[in-house]
Amino acid sequence: MIVLQGVSKVYPGGIKALDDVSIEIPEREFAFLVGPSGAGKSTFIKLLIRDEIASSGRVFVNNQDVGRLKHKHIPLFRRKIGVVFQDFKLLPYKTVRENVAFPLQVHGILDWKVLQPRVDSVLELVGLPDCLDRFPDQLSGGEQQRVAIARALVHGPLILIADEPTGNLDPNTAWEVVQLLIKINAYGTTMLMATHNREVVDMLRRRVIHIDHGRLVRDEKEGAYHAA
Amino acid sequence: MIVLQGVSKVYPGGIKALDDVSIEIPEREFAFLVGPSGAGKSTFIKLLIRDEIASSGRVFVNNQDVGRLKHKHIPLFRRKIGVVFQDFKLLPYKTVRENVAFPLQVHGILDWKVLQPRVDSVLELVGLPDCLDRFPDQLSGGEQQRVAIARALVHGPLILIADEPTGNLDPNTAWEVVQLLIKINAYGTTMLMATHNREVVDMLRRRVIHIDHGRLVRDEKEGAYHAA
Amino acid sequence: MRPRMLLFALQSALAHCRRNKLMSTFSVTTTTVMLLMLGCFIVVITSLNVTLRALESKIDVVAYVKDQADPAQVQNLRDSLSQNADVESVRYVDKDTALARMRQTLGDKAQLLSQIKGNPLPASLEIQLRFASSAPALADQLRQEAAIEEVDYKQDVVGRLLAITSFLRLTGLIIVAGLGAITLFIIINTTRIALFSRRQEIEIMKLVGATDWFVRWPFIFEGTFLGLLGAVATVILIAAGYQPMLTHLSGLLTFLPLAFDPQFLPKLLLSLLAGGALIGGAGSYISVRRFLDT
Amino acid sequence: MRPRMLLFALQSALAHCRRNKLMSTFSVTTTTVMLLMLGCFIVVITSLNVTLRALESKIDVVAYVKDQADPAQVQNLRDSLSQNADVESVRYVDKDTALARMRQTLGDKAQLLSQIKGNPLPASLEIQLRFASSAPALADQLRQEAAIEEVDYKQDVVGRLLAITSFLRLTGLIIVAGLGAITLFIIINTTRIALFSRRQEIEIMKLVGATDWFVRWPFIFEGTFLGLLGAVATVILIAAGYQPMLTHLSGLLTFLPLAFDPQFLPKLLLSLLAGGALIGGAGSYISVRRFLDT
Ligand SMILES: Nc1ncnc2c1ncn2[C@@H]1O[C@H](COP(=O)(O)OP(=O)(O)OP(=O)(O)O)[C@@H](O)[C@H]1O
Ligand SMILES: Nc1ncnc2c1ncn2[C@@H]1O[C@H](COP(=O)(O)OP(=O)(O)OP(=O)(O)O)[C@@H](O)[C@H]1O
Ligand SMILES: [Mg+2]
Ligand SMILES: [Mg+2]
């Protein structure tokens with residue numbers, strides 16, 4: 001599903017964010033991406049959705065060479081992926097309802113009779129049934145984060161990528177969200193979650209991909225947050 | 001230092017974020033503000049710096065009635081406080097160096113010969129010695145958060161308020177930051193930290209102010225994240 | 001599916017305008033001010049053109065008839081002139097009328113004429129032209145006629161008048177074209193600046209899988225809508241100000257044949273509406289493209 | 001401390017312009033286009049005013065002298081007229097010269113004159129005025145003179161000319177004032193739209209303890225700087241285009257006394273520079289205030 005072959009990413013200014021990373025994440029896997037702040041986790045994720053392009057090496061997602069996607073094929077490619085961005089990236093002038101509905105609308109589902117139940121149910125799942133008509137800046141940090149999660153889920157993507165999705169959530173809500181992600185993974189969605197939440201990683205014992213200073217330093221099938 | 005007397009906050013749309021909260025935080029205290037997502041922690045903090053005004057009740061900070069501050073007295077009032085915002089609020093067109101120097105410049109310290117060593121040392125403290133000339137959008141999430149922390153510290157405020165300052169940091173970096181805050185508190189700065197980091201709260205055993213649905217539900221001298 | 005998508009884009013556009021009233025107001029006022037300026041100049045310059053045409057039409061060509069000319073020939077000439085498309089009217093002034101006129105013109109110096117024997121003044125054909133520009137050709141043609149002694153049409157004055165009027169017409173055209181280009185540029189530039197603050201929104205939409213067109217349409221509709229709003233305001237202002245302005249101007253310039261085309265106003269207002277909507281939409285299209293490419 | 005703070009604000013402003021080149025370019029081009037438009041109109045209308053003055057100065061008043069008038073009296077009158085500030089020149093045309101002229105004017109019809117006994121034509125004073133507007137008063141004054149039979153100054157033509165020129169002057173003034181107001185509005189509105197995307201920055205600065213003025217100064221300097229840049233571009237374009245334009249126009253309008261004031265251009269360019277900087281700075285000041293109040 002996700003394959004990186006000797007991928008490096010150097011940002012303008014010569015900052016090396018990823019350094020010769022090769023990895024393979026098969027379909028239906030649940031993988032954690034861990035590493036200290038500034039290790040290159042978000043950069044890794046940006047490469048997967050072509051928010052950035054690798055400086056060298058190749059990135060395959062869904063059997064497509066992401067770096068060589070034609071401009072017009074990018075939207076269709078991205079619609080098969082759901083992403084929770086570290087900085088949420090909610091649309092400021094759209095309500096919560098419209099933000100969550102957006103990935104479906106992009107798919108061509110424009111009838112609110114069809115959209116409404118799906119939006120409602122996914123907001124219910126993340127614990128936000130009451131703020132449908134508010135704008136993102138009228139929500140608390142954790143509420144915004146959950147809207148971002150809801151938006152990533154709503155269209156049932158093949159791959160779900162979450163960048164630090166519990167950073168603004170209290171432990172209980174964080175656990176509920178993680179349970180939800182596990183359930184979604186169990187139904188067949190490939191999961192990649194960049195996180196600093198040691199508790200969650202240590203408890204779940206799933207695959208752990210550990211990067212540090214842009215290098216892959218550990219890749220364990222049933223790993224913990226810190227190296228054993 | 002911080003006194004709330006029967007404070008309520010109702011946002012436009014009738015959303016009650018704080019409900020009759022009375023509390024007192026004396027000078028030099030280190031207090032945690034905990035509660036589930038949407039409990040009202042950030043609203044609490046916004047009232048302290050007059051980012052929002054209480055719908056009823058009175059807020060005193062530094063013996064000043066925050067709600068009744070005259071417009072022209074607000075800047076001087078705010079300069080005595082350092083705030084780490086949940087969403088960082090870095091200035092996008094200023095470099096890291098300039099962002100961190102800004103609170104000092106606001107104080108009238110404009111000479112880079114004076115600014116430079118202070119900015120350097122505080123960035124060193126938060127573990128970011130190398131990105132002085134980058135802009136916020138060229139930093140990772142955790143790096144941005146640490147710049148925000150550096151900016152809150154740099155002018156040696158009387159009160160340091162941090163809203164979820166470790167949400168984007170790995171456990172090690174988070175601990176370093178917390179140690180730093182403890183040290184600063186030990187030198188006499190009053191600390192208020194809104195957090196979801198159970199580990200940190202449980203380890204430090206400081207005062208815990210717990211709010212839920214806008215109500216004060218627990219206030220313990222040496223509390224844990226969850227009620228005993 | 002396609003019309004559905006456009007409807008969705010329209011709804012999104014209107015929602016954004018409603019939610020961001022301040023910014024929408026700024027865009028609309030810029031459009032209104034620029035279109036109003038353009039519209040006023042078009043009104044003035046169009047009126048000027050009508051006035052110029054009126055000025056030109058006042059040009060006379062006088063053909064002096066030889067005393068010995070054959071009256072039938074002269075009559076023929078009159079008839080053929082009457083049928084000439086360039087000619088507004090022809091009048092035959094016989095020798096006696098000419099003398100009577102001269103007497104009148106001289107007033108109390110008319111006794112000078114009594115000292116002159118006979119009538120030295122020739123008969124003439126006074127030809128009023130539709131357009132001054134046809135004067136030289138007609139004069140040349142008349143000079144060929146056997147019955148005509150001499151042709152007089154104030155060559156000098158007509159030349160100047162034509163030079164002035166064609167210069168004024170050209171100037172008017174240049175001004176309107178120039179102001180049109182400036183209006184276009186300012187509205188598009190304003191749209192660019194306004195959209196600059198929304199480049200993150202555009203980026204987010206693309207990251208969530210929106211196609212370029214899915215992103216574009218709401219912006220195009222928004223630009224069209226705001227442009228149309230600005231044009232509506234302009235149209236209201238011009239429609240309300242047109243009549244009072246005309247009356248005032250006519251009062252001020254009694255000696256100038258200020259003429260106005262009654263069918264012109266609705267045409268202008270419709271053009272302004274279409275123009276406002278078009279520029280607004282096109283401006284958004286162009287501006288969004290810049291942020292889509294990245 | 002104070003000048004230090006201004007220096008800091010200036011540095012911040014320049015840094016922002018450098019870091020946000022796209023937006024700065026948009027602002028500058030809007031300023032340039034609007035000032036260029038205003039500048040061109042000012043150039044044209046100022047030239048028009050000079051031309052109008054030239055047209056007006058061509059007005060003559062002719063005072064016919066009584067045949068029986070005392071030559072000394074006439075000489076007196078000539079002298080006093082020469083000293084009149086409104087009078088450009090005075091010329092005495094005696095009866096013989098008048099007759100000679102008439103003969104010349106009549107050309108091959110001059111033999112008519114030989115039938116007239118004596119010289120019926122009066123001597124006259126041909127007075128060229130500096131300004132047409134003084135004609136009626138002077139004519140009235142001359143009519144009081146014992147030596148003067150009659151005064152002729154084409155009352156009708158002068159009236160029309162004065163009406164036209166004063167109307168054109170007024171129109172020019174209205175156009176320049178109107179375009180000035182529009183330029184002001186558009187630049188300020190553009191600044192508002194540009195700053196709209198920076199309201200969060202302003203909010204952050206205030207949250208960190210900046211005073212209103214500490215926030216404002218960099219924006220004012222930025223507006224001033226961008227306005228000045230826009231004006232510099234305008235000035236370069238006008239300075240480069242002025243001479244070729246003049247030459248072209250003069251070629252086109254040989255019959256019109258197109259006159260240009262050589263000291264006018266530097267004045268205009270300086271005003272544009274000052275105006276651009278001022279409007280830019282004031283626009284920023286006004287726009288920032290809106291976001292400070294909240
Ligand atoms: N646009 C950019 N330009 C330059 N450097 C960048 C840019 N984005 C990220 N970096 C740098 O690349 C490195 C990796 O960043 P990245 O965001 O991938 O880290 P991360 O693992 O997500 O960290 P965090 O846990 O703090 O979010 C960091 O050192 C960061 O400073
Ligand atoms: N501007 C606003 N308008 C309306 N409601 C708001 C606004 N800001 C916050 N709220 C609501 O007020 C409540 C408290 O919000 P607040 O941001 O204080 O929560 P919090 O405790 O900081 O949560 P988190 O841990 O998720 O950051 C929430 O229900 C939120 O939806
Ligand atoms: Mg990251
Ligand atoms: Mg919060």
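Note on naming: letters A, B, ... go to the chains in the order of the sequence lines (proteins, then strands), and numbering restarts at 1 for each one.
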J.: Look at B:Lys72, B:Lys80, B:Arg79, B:His107 and state which one has the largest set of heavy-atom pairs under 4.5 Å with chain D.
T.: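 Ranked by contacts with chain D, first place is B:Arg79.
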J.: Find out whether D:Lys206 and B:Ile74 are in side-chain contact, i.e. whether some heavy atom of one side chain is under 4.5 Å from a heavy atom of the other.
T.: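 No, side chains not in contact.
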J.: How long is the span from the OG1 atom in B:Thr95 to the CZ atom in D:Arg19, to the nearest 0.5 Å?
T.: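 Nearest 0.5 Å value for the OG1-CZ distance: 5.5 Å.
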J.: Check each atom of B:Leu90 against the heavy atoms of chain D and say whether the ones under 4.5 Å are side chain, backbone, both or neither.
T.: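 For B:Leu90, the contact with chain D is made by the backbone alone.
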J.: So for atom CG, which belongs to B:Asn63, do other residues, nucleotides or ligands contribute more than 12 heavy atoms lying within a distance under 6.0 Å?
T.: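 Incorrect, the count does not exceed 12.
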J.: Using every non-hydrogen atom in the two residues, find where B:Val106 and D:Val208 come nearest and quote the distance to one decimal.
T.: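 For B:Val106 versus D:Val208, the nearest heavy atoms are CG1-O, 4.2 Å.
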J.: Which pair of heavy atoms, one from B:Arg151 and one from D:Ile204, lies closest together, and at what distance?
T.: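 That closest heavy-atom pairing would be NH1-CG2, 3.7 Å.
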J.: Does atom CD of B:Glu24 have more than 12 heavy-atom neighbours, drawn from other residues, nucleotides or ligands, at distances under 6.0 Å?
T.: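 At most 12 heavy atoms, drawn from other residues, nucleotides or ligands, come within 6.0 Å of this atom.
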J.: State the CE-OH distance between D:Met23 and B:Tyr93, to the nearest 0.5 angstrom.
T.: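 D:Met23 atom CE to B:Tyr93 atom OH measures 7.0 Å (nearest 0.5 Å).
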J.: Please classify the contact between B:Glu98 and chain D as side chain, backbone, both or neither, with a heavy-atom cut-off of under 4.5 Å.
T.: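 Contact with chain D: side chain only.
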J.: Below 4.5 Å from any heavy atom of chain D, which atoms of B:Arg50 appear? Answer side chain, backbone, both or neither.
T.: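 The answer is neither part of B:Arg50.
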J.: Would you indicate whether the side-chain heavy atoms of D:Ser12 and B:Lys94 approach each other to under 4.5 Å?
T.: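 With C-beta onward as the side chain, the pair touches.
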J.: Might you point out which heavy atoms bring D:Asp212 and B:His71 nearest each other, and give the distance in Å?
T.: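 That would be OD2-NE2, 2.8 Å.
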J.: Do D:Leu207 and B:Phe85 come within less than 4.5 Å of each other through their side chains, counting heavy atoms only?
T.: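 Yes, close enough: below the 4.5 Å cut-off.
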J.: Between B:Pro75 and D:Gly209, which heavy-atom pair has the shortest distance, and what is it?
T.: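 Where B:Pro75 meets D:Gly209 most closely, the heavy atoms are CB-O, 3.4 Å.
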J.: So what's closer than 4.5 Å to chain D heavy atoms on B:Phe77: side chain, backbone, both or neither?
T.: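 Contact with chain D is absent: no heavy atom of B:Phe77 under 4.5 Å.
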